[in-house]
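The structure appears right after this line, and notes come after that.
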Amino acid sequence: MHDRQADDSSITDQALIARTAEGDRRAFEQLVERHAAAVLRLATAASDPSTAEDVMQQTFLSVYQQAASFRAEASVRTWLLTIARNTAFRLHGKTRQEDLVEEPLTQLGVQAGWGSDDPEAIAIAAERKGALRRAMASLSAEDQEVLTLRDLEGLRGSEAAEVLGISLRALKSRLHRARLRLAASLRRLGTDDEQASIGGQP
Amino acid sequence: MIETAVAGLRCSEVLAQLSDYLDGELGASEVKRIEEHLLGCPNCERFGHNFGSMVVSLRRAPDGTESVDSKLVSRLLTQLDELTHEE
Ligand SMILES: [Zn+2]
């Protein structure tokens, strides 16, 4: 069955939720079409690529069942992503390593190429989507979540903080550290790639 | 990294505020001090520029992946049917 109609973008997310609460399947399908990619990305960050689809399914089933409890003043995307994150934990939560010992920022900076003779390496590597994906996948769930919410999905700081259940101040700190660790990972991948291509020469 | 103080800011202080600076989260006076530092410190300018480019690439990354596999959506709707018929 591929008769799904094109998204009617004039209908707000809030209206779609209200209709879903009344049992309107079309409205629910539109909601899925609009937000499935974002939910899947956060599910991948918070759980695992292999279980992300499962998390996405369960998230939207919960959304269908809880649509009536949605507060009209809230952002639908923030609400959906909060449910997605809770679902990821419930089903396949990774062990959280909640900032046991914070590395000094300057140490993270040095690993990211701060003060090095080739800080360009991170920008060059980041232009390759495959490298970006691999660098992301090498980070902790906490780092992946904050980068997904803030940079991939473009949520405001306050919205991302709400989804993660932390203060705005903590959010900003976590985001900066996650970006530095991403840069460090891109640097390492760049070096590995170079060595691989040199090693691969006849 | 040799720490220098330019415009009354040390390099490590600039590093600490780099994301807030890129995200437009700082006040006008803080922005001015950071920009003065960047003008006088090639190390921080180079790193800041490339770190910023990385964030821009990251923010652009989801392009073209806005829809998920239609099989996934079909599976979800089938599950929903099963769920609602049970009630
Ligand atoms: Zn400097």
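So you know, we letter chains A, B, ... as the sequences are listed, proteins then strands, and number each from 1.
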Contact check, side chains of B/Asp20 and A/His176, non-hydrogen atoms, under 4.5 Å: no
Contact summary for A/Leu180 and B/Phe51, nearest pair of heavy atoms: CD2-CE1, 3.7 Å
Backbone N/O of A/Arg150 and side chain of B/Arg59: donor-acceptor pair under 3.5 Å: yes
Part of A/Ala125 lying under 4.5 Å from any heavy atom of chain B: neither
Pick from A/Ile124, A/Leu108, A/Leu132 with the largest number of heavy-atom pairs that fall under 4.5 Å of chain B: A/Leu132
Shortest non-hydrogen contact from B/Arg46 toward A/Asp117: NH2-O, 3.0 Å
Taking every non-hydrogen atom, the tightest pair across A/Gly115 and B/Asn43: CA-OD1, 4.4 Å
Portion of A/Leu152 that has a non-hydrogen atom of chain B nearer than 4.5 angstrom: both
Atom group of A/Arg25 that falls short of 4.5 Å from chain B, counting heavy atoms: side chain
Smallest separation among heavy atoms of B/Ala61 and A/Lys129, with atom names: O-NZ, 3.2 Å
Main-chain N/O of A/Glu127 paired with B/Arg60 side-chain donor or acceptor, under 3.5 Å: no
Audit row: B/Gln17, A/Lys172, side-chain contact (heavy atoms from CB on, under 4.5 Å) steps and yes/no: CA-CA 10 Å; B/Gln17 296 186 84; A/Lys172 287 180 183 174; over 6 Å; no
Proximity breakdown for A/Asp118 and chain B, heavy-atom pairs closer than 4.5 Å: backbone
Pairwise side-chain contact, A/Tyr64 with B/Leu83, heavy-atom cut-off 4.5 Å (strictly under): no
Whether over 12 other heavy atoms sit under 6.0 Å from B/Arg75 CZ: yes
Which of A/Gly113, A/Ala126, A/Pro119 touches chain B most, by non-hydrogen pairs under 4.5 Å: A/Pro119
Donor-acceptor contact present, side-chain A/Glu29 to main-chain B/Val73, <3.5 Å: no
Contact winner vs chain B - A/Leu61, A/Leu40, A/Thr106, heavy-atom pairs under 4.5 Å: A/Leu61
